[in-house]
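Computed from heavy atoms alone, side chains included, the values below leave out hydrogens, waters and symmetry copies. This chain uses plain numbering: 1 for the first residue, then up along the sequence.
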Amino acid sequence: MPGIDKLPIEETLEDSPQTRSLLGVFEEDAAAISNYINQLFQAMHRIYDAQNELSAATHLTSKLLKEYEKQRFPLGGDDEVMTSTLQQFAKVIDELSSCHAVLSTQLADAMMFPITQFKERDLKEILTLKEVFQIASNDHDAAITRYSRLSKRKENEKIKAEVTEDVYTSRKKQHQTMMHYFCALNSLQYKKKISLLEPLLGYMQAQISFFKMGSENLTEQLEEFLANIGTSVQNVRREMDCEVENMQQTIEDLEVASDPLYLPDPDPMKFPAHRNLTRKAGYLNTRNKTGLVSSSWERQFYFTQGGNLMSQARGDVAGGLVMDIDNCSVMAVDCEDRRYCFQITSFDGKKSSILQAESKKDYEEWICTINNISKQIYLSENPEEIAARVNQSALEAVTPSPSFQQRHESMRPAVQSRPPAARTSSTGSLGSDSAALSALSLDSLVAPDTPIQFDIISPVSEDLPGQAKSSGQSGRRTNPFGESGGSKPETEDSILHQLFIVRFLGSMEVKFDESPDVVYETMRQILAARAIHNVFRMTESHLLVTCDSLKLIDPQTQVTRLQFPLPSVVLCAAHQENRRLFGFVLRTSGGRLESRQTSICYIFESNNEGEKICDSVGLAKQIAFHAELDRKASEKQKEIDRVKEKQQKELNKQKQIEKDLEEQSRLIAASSRSNQSSTEGQFVVVSSSQSEDSDLGEDGKKKRESEA
């Protein structure tokens, strides 16, 4: 007989939708078998009970056996050997239907007992196991739901222990029940054949015994046929016993091996995360918005297929497309106080999905797998080998190389193969010789013992070097409805306004800020540090480029997180291989040593090409440069006008002084003429008085003096 279809007991712990779909096929087959066995049982029961109607009952049995090939069994419907065997039985039974009058005892022992046991014991056992499995599955789903709602911030150890124990117990119960249920369904495929063949064999043996091999219908050929059927039944029974024994052993082995996996969050030291995967499947909680501020979580089965992320609900035959994850971005997020949440954003940024993993191991594996798929590693011949090589290169990247040239040979093309003009932002940085740069050591590019900052620190909590803050500016929220407020924005008069979606990767202090190689080296160290320390979280912001500054704006609250004055941005460059990576160097006063200027390199990942952002920064600096020239020219012209106005005022004042002098001269001349005429009159009076004095004598002079 052909092979028996079986349910995979090894996949019961995973409990995937494919396994559930296959289980549904077996359950449908069991229902069909039960329906058919009930009909066959009724037919054989009529043979046993109604001796007077024995001929009609055997005829009905023959008819049912002939209709076996017309039955639509989901499993084993194309068993030609079984069909031909039953057809032969139907023919013989039809020929002997008129001869069976008394077979009560023989039929009760040889025909009714096996089929009754199969109907009352085996089929009812399937129904009982089905109900127990359904209850265990519902309890497991409820326990998983309660576990997913555990708070990350306010953890109650007692509640957490109770919920974890509940998950462990329900998962173990579901796994064990499911394995025994699968074993019973697999055994049913063997028992189905036995339950069909053994009663018929007993029936025929009873007939042979009753007629003592003397009937014309019981020929030697028929006896040989029955012997072959008996041998086949014994072979099927032995095969079933062997398979049941193997399944029982498999169940015991799986119970021992799967015991640690019943915990929802196994120990990462015993079960480390695999970071080289390019395919992943498992259950995740997905966040669905039900309103402006409300949301719900739904548990679904997710799997990757090439460059697509698929989802499949329990009971569905096939999965549906969720998102194209080629060139996508994935990052860890905080969402509704739930653990192990991460967000996937499509390449164009128009579609995103927030998912929650069950354990830290699944959480890290999903992020690494989606990162590997986004780099299109799955298109290569050996994707896992290439992913392992890329991750190993990231781990080795933090070891300093002897020279700058050796460090960059494995990361990007040689310096001579780069275009002559590096992608910078018209910052007026000094052009240095590439041959001299190749001999620079690591300490000449990056300040020693410099920590890497992976998060953006809010301006209300800590001041970052180089951040321009003015009174009333930090934490200012723009109007989300576009209405104009009372205060005028600083960038309202700016000519250039360009907005880009970026994700902050990290920043660190550098010692050299006159070459794009500094940005490349900083990118290498930050990406390597993220790979080693398992830092997957990236802060998404909106980068606003204006002629005055660069601003990082919170996309949700529209609050300015950081602001960089444009004159302080001395260098901007994009990665030559990964076009979405770019960075810029900010030169500020102060830092670890307040007496000198420091340079900090900021690295970002964008949805657009980094060269476009660098071009926008360069255009902003050019516009600011020309605006500064115009401002200086305007101030110089105003200074010239002020000097001319001052000279004109001095000239007018000099003219007024000369006019006043002329007026005074004229008044003095007139006064002189009047004084001269009065002097002549005084001379005549004096002369007359002298003559009088001479006449009066000495006494008259004294008298006049006394009067005077």
Tightest non-hydrogen contact, residues G282 and W366, listed as N-CZ2, 3.9 Å
With distance as the sole test, does N246 use its side chain to make a donor-acceptor pair with the main-chain N or O of C242 at under 3.5 Å? yes
So, S16 versus T19: side-chain donor-acceptor pair below 3.5 Å or not? yes
Answer yes or no: is there a donor N or O on one side and an acceptor on the other, between the side chain of D267 and the main chain of M269, under 3.5 Å? yes
Once ring pair (Phe, Tyr, Trp, His ring centres under 6.0 Å) is applied, what residue pairs with a partner in residues 276-313 remain, sequence neighbours excluded? Y283-F301
Flag side-chain contact, heavy atom, 4.5 Å: I115 against M111: no
Would you say the side chain of L196 lies within less than 4.5 Å of the side chain of M82, judging by non-hydrogen atoms? yes
Within-4.5 Å side-chain heavy-atom neighbours: F604 and L552: yes
Sorted by first residue and then second, give each salt bridge (charged side-chain N to carboxylate O under 4.0 Å, His left out) pair with at least one member in residues 362-376; sequence neighbours left out. R275-E364, K280-D362, K280-E365, K361-E365
Tabulate below the donor-acceptor pairs under 3.5 Å that side-chain atoms of residues 379-387 make, not counting sequence neighbours, or state none.
from	atom 1	to	atom 2	distance (Å)
S380	OG	I377	O	2.6
N382	ND2	E385	OE1	3.4

Which residue pairs satisfy the salt bridge (charged side-chain N to carboxylate O under 4.0 Å, His left out) criterion with at least one member in residues 172-190, sequence neighbours excluded? none
Distance-minimising heavy-atom pair for S187 and M240: O-SD, 4.2 Å
Nearest-0.5 Å distance that lies between atom CG in N288 and atom CD1 in I354: 10.5 Å
So, the side chain of Q376 versus the backbone of I373: is there a donor-acceptor pair under 3.5 Å, distance only? no
Pair D253-Q249, side chain to side chain donor-acceptor pair (under 3.5 Å): steps then yes or no: CA-CA 6 Å; D253 296 340; Q249 184 63 36; 3.1 Å; yes
So which atom in C328 and which in R580 form the shortest heavy-atom distance, rounded to 0.1 Å? O-NH2, 3.7 Å
So, T177 side chain and Q174 main chain: donor-acceptor pair closer than 3.5 Å or not? no
Is L200 close to M44 at the side-chain level, that is, under 4.5 Å between some pair of heavy atoms? yes
Once rounded to the nearest 0.5 Å, what's the spacing between atom OH of Y378 and atom OG1 of T369? 13.5 Å
Work out which heavy atom in Y363 is nearest to a heavy atom in A332; give both atom names and the distance. OH-CB, 2.9 Å
Exercise answer: donor-acceptor pairs, residues 122-129 side-chain atoms, under 3.5 Å, sequence neighbours excluded:
from	atom 1	to	atom 2	distance (Å)
D122	OD1	K191	NZ	3.2
K124	NZ	E120	OE1	2.8
T128	OG1	K124	O	2.9

Could you give the distance from NZ (K192) to CG (D29), rounded to the nearest 0.5 Å? 5.0 Å
Starting from the C-alpha separation in whole Å, work towards a yes-or-no answer on side chain to side chain contact (heavy atoms under 4.5 Å, CB included) for S195 and I37. CA-CA 8 Å; S195 65; I37 289 298; 3.8 Å; yes
With a 4.5 Å limit on heavy-atom distance, are the side chains of V502 and S606 in contact? yes
Tell me whether the count of non-hydrogen atoms from other residues, nucleotides or ligands lying under 6.0 Å of NZ in K119 goes above 12. yes
Would you say the side-chain atoms of E239 and N235 include a donor-acceptor pair closer than 3.5 Å? no
Listed once per pair and sorted, the ring pair (Phe, Tyr, Trp, His ring centres under 6.0 Å) pairs that draw on residues 117-159, sequence neighbours left out: F133-Y181
Return yes if some donor-acceptor pair links the side-chain N/O of R314 with the main-chain N/O of D15 below 3.5 Å, else return no. no
If you measure from CD on Q356 to CZ on R338, what distance do you get to the nearest 0.5 Å? 5.0 Å
Rounded to the nearest 0.5 Å, the OG atom of S296 sits from the CG atom of N285 at a distance of 11.0 Å
Check: F182 and L23 side chains under 4.5 Å, non-hydrogen atoms: yes
So, the side chain of S21 versus the backbone of D316: is there a donor-acceptor pair under 3.5 Å, distance only? yes
For the side-chain contact (heavy atoms from CB on, under 4.5 Å) test, which of L254, T250, L13 pairs with M179? L254
Are the charged groups of R530 and E605 less than 4.0 angstrom apart, N to O? no
Straight-line distance of L527 CG to H575 NE2, nearest 0.5 Å: 7.5 Å
Before you tell me yes or no, could you show the steps for Q525 and T522 under side chain to side chain contact (heavy atoms under 4.5 Å, CB included), namely the whole-Å CA-CA distance, both residues' side-chain angles and the distance that decides it to 0.1 Å? CA-CA 5 Å; Q525 293 202 23; T522 306; 6.0 Å; no
Keeping the roles fixed (side chain from S258, backbone from E255), state whether a donor-acceptor pair exists under 3.5 Å. no
Smallest heavy-atom separation, C183 atom then Q248 atom, equals SG-NE2, 3.9 Å
Testing the basics here: between A143 and V167, what is the closest heavy-atom pair and its distance to 0.1 Å? O-CG2, 3.5 Å
Any donor-acceptor pair under 3.5 Å linking the side chain of S374 with the backbone of N371? yes
Is there a donor-acceptor contact under 3.5 Å from the side chain of T83 to the main chain of E69? no
Any donor-acceptor pair under 3.5 Å from N186 side chain to L7 backbone: yes
